[in-house]
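Report on one structure; see the data block that follows.
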Amino acid sequence: MRPTKIISVVGARPQFVKLAPLQMELKKHLDSFVVHTGQHYDETLSDKFFEELSIPKPEYNLGVGSATHGAQTGLMLKKLEEVFDYEKPDLVLVYGDTNSTLAGALAAAKMNIRVGHIEAGLRSFVKSMPEEINRVLTDRLSDILFCPTGTAVDNLKNEGIDRGVYLVGDLMYEALEIFAPIAERRTDILRNLSLGSREYILLTIHRAENTDNHNRLRYLMEQITKLGHKIVFPVHPRAKKELKSAGLWEHLQNRDNIVLTEPVGYFENIVLIKNAYLVLTDSGGIQKEAYYFGIPTITLRNETEWPETVASGINRLLADRELLELIASEEHPNGLRSRGIEPKTSEKIINVFLNY
Ligand code: UD1
């Protein structure tokens with residue numbers, strides 16, 4: 001049966017980016033509104049994204065904030081249940097792989113409300129990643145699974161999930177198409193940081209597997225500080241906390257070639273990626289955005305949920321290789337990677353709902 005009332009549950013930075021193009025379209029066709037769990041609450045990680053992406057203020061903000069995984073997810077479950085009980089949606093839409101995703105899916109499924117999962121079927125096959133646990137469980141609980149890639153569809157098939165699966169493409173690509181031209185007009189980040197195009201490496205790290213394990217964090221920082229290039233490093237609050245407690249922060253601050261900044265908004269991030277000489281990241285979203293812009297990337301992990309980016313040659317995995325050698329052997333393919341990308345993702349998702 002076609003859903004008439006849809007609630008989108010979001011909470012963390014990359015979910016706001018996926019929500020923006022979809023919510024714009026959803027509003028035109030269905031009764032749909034947004035619940036923000038409050039997982040991200042800093043101005044730079046949350047408010048700024050809503051403002052830049054022109055997303056109306058969420059109807060609910062649950063103010064859950066930071067805590068251990070169990071406490072954070074548990075509080076979200078409790079509060080989401082109250083909202084769902086009051087609002088009686090007939091479908092709850094969750095995005096990606098954060099604790100907000102799992103909480104939204106679990107709260108809804110237990111109340112017999114249908115669940116739709118945006119970015120279903122992605123796998124790293126590493127169970128120690130909190131995101132992998134969130135993905136696998138959310139996909140099991142979902143009735144409608146929107147996959148960004150053919151690999152994601154195959155992953156679900158291998159787990160015996162083939163009903164309600166739709167290949168729709170990537171909302172982050174759609175967001176980039178809509179917002180990149182606006183970002184370039186509105187942002188002075190290159191001028192403010194005195195950066196020339198292709199003159200710097202963009203670095204981001206935030207994954208628990210890289211930040212919370214201090215041996216790994218120290219190893220990464222050793223690799224990075226061996227580079228003579230100019231490096232721009234917007235620091236996620238989790239990374240900053242761990243760099244400080246591992247005794248690495250001051251060392252970074254004293255390096256002339258490393259520019260440390262607060263986390264940047266969506267617009268600045270796009271401009272920084274598009275003009276970078278190379279991107280070093282452990283973020284799934286930034287890997288894809290760099291790929292769409294054709295900017296060479298080294299992913300600071302052993303695996304990726306986006307193997308297409310590696311197959312294209314534009315993205316390489318650091319694993320435990322020497323960063324300096326990897327960079328030296330870098331070829332520089334250029335140009336937009338729009339080949340094989342599914343266009344109009346939000347339209348496809350809405351058509352699934354309208355024909356359900
Ligand atoms: C979360 C997601 C991750 C996603 C990332 C995007 C989970 C398990 N992880 O990671 O998949 O890629 O968001 O950024 O859901 N903090 C602040 N201010 C905030 C939010 C967090 O200072 O607004 C600090 C707190 O010290 C907190 C830590 O960052 O303990 C981690 O925050 P959390 O939301 O648990 O996970 P992220 O690392 O942001």
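Order of appearance sets the numbers: ligands from 1, and atoms from 1 within every ligand.
Only the side chain of P14 comes within contact range of ligand 1, with a heavy atom under 4.0 Å; no backbone atom does. Contact annotation: for D42 versus ligand 1, heavy atoms closer than 4.0 Å belong to both the backbone and the side chain.
A donor-acceptor pair under 3.5 Å links the side-chain atoms of N257 to the main chain of L227, judged by distance alone. Under the 3.5 Å distance criterion, the side-chain polar atoms of R186 are left unmatched by any main-chain donor or acceptor of F267. With hydrogens and angles disregarded, a donor-acceptor distance shorter than 3.5 Å links the side chain of Q15 to the backbone of A12.
Compare Q39, E43, H40 by their heavy atoms: the one nearest to atom 14 (O) of ligand 1 is in H40. Of all the listed residues (K240, E242, R238, K241), R238 holds the heavy atom that lies closest to atom 32 (O) of ligand 1.
Of all atoms in ligand 1, listed by their number and element, those nearer than 4.0 Å to a heavy atom of L45 are 19 (C), 20 (C), 23 (O). The H69 neighbourhood of ligand 1 comprises atoms 8 (C), with distances under 4.0 Å to a heavy atom of that residue. The E131 neighbourhood of ligand 1 comprises atoms 3 (C), 9 (N), 11 (O), with distances under 4.0 Å to a heavy atom of that residue. Atoms of ligand 1 lying under 4.0 Å from any heavy atom of R13, numbered from 1 in the order shown and given with element: 14 (O). Residue A12 approaches ligand 1 through these ligand atoms, each under 4.0 Å from one of its heavy atoms: 13 (O). Each of the following atoms of ligand 1 lies closer than 4.0 Å to a heavy atom of D97: 11 (O).
Atom CZ of R140 sits in a sparse spot, with 12 or fewer heavy atoms from other residues, nucleotides or ligands closer than 6.0 Å. Within a 6.0 Å sphere centred on NZ of K344, other residues, nucleotides and ligands contribute 12 heavy atoms or fewer.
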Listing, residues 141-150 side-chain donor-acceptor contacts under 3.5 Å, not counting sequence neighbours, or none:
| from | atom 1 | to | atom 2 | distance (Å) |
| --- | --- | --- | --- | --- |
| S142 | OG | T138 | O | 2.7 |
| D143 | OD2 | V115 | N | 2.8 |
| T149 | OG1 | A152 | N | 3.2 |

Which side-chain N or O atoms in residues 317-327 pair as donor and acceptor under 3.5 Å with protein atoms at least two apart or in another chain?
| from | atom 1 | to | atom 2 | distance (Å) |
| --- | --- | --- | --- | --- |
| R321 | NH2 | L317 | O | 2.5 |
| E322 | OE1 | K226 | NZ | 3.2 |
| E322 | OE2 | Q223 | NE2 | 3.3 |

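Looking only at protein heavy atoms, the nearest one to atom 17 (C) of ligand 1 is Y41 OH, 3.3 Å. Scanning the protein heavy atoms around atom 8 (C) of ligand 1, the nearest turns out to be N99 OD1, 3.4 Å. Closest to atom 25 (C) of ligand 1 among all protein heavy atoms lies S66 OG, 3.4 Å. Among all protein heavy atoms, the one lying closest to atom 22 (O) of ligand 1 is P237 CB, 3.2 Å. Counting only heavy atoms of the protein, atom 2 (C) of ligand 1 lies nearest to T98 CG2, 3.8 Å.
Between F179 and Y266, the angle of the ring planes goes over 60°, which puts this pair in the perpendicular group of the 30/60° scheme.
Distances between N or O atoms of H206 and those of ligand 1 include at least one value under 3.5 Å.
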Full working for salt bridge (charged side-chain N to carboxylate O under 4.0 Å, His left out) between R135 and E131: CA-CA 6 Å; R135 289 178 201 123; E131 291 85 357; 5.5 Å; no
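Tested against K288 for a salt bridge (charged side-chain N to carboxylate O under 4.0 Å, His left out), the candidates E308, E119, E305 yield a single pass: E119.
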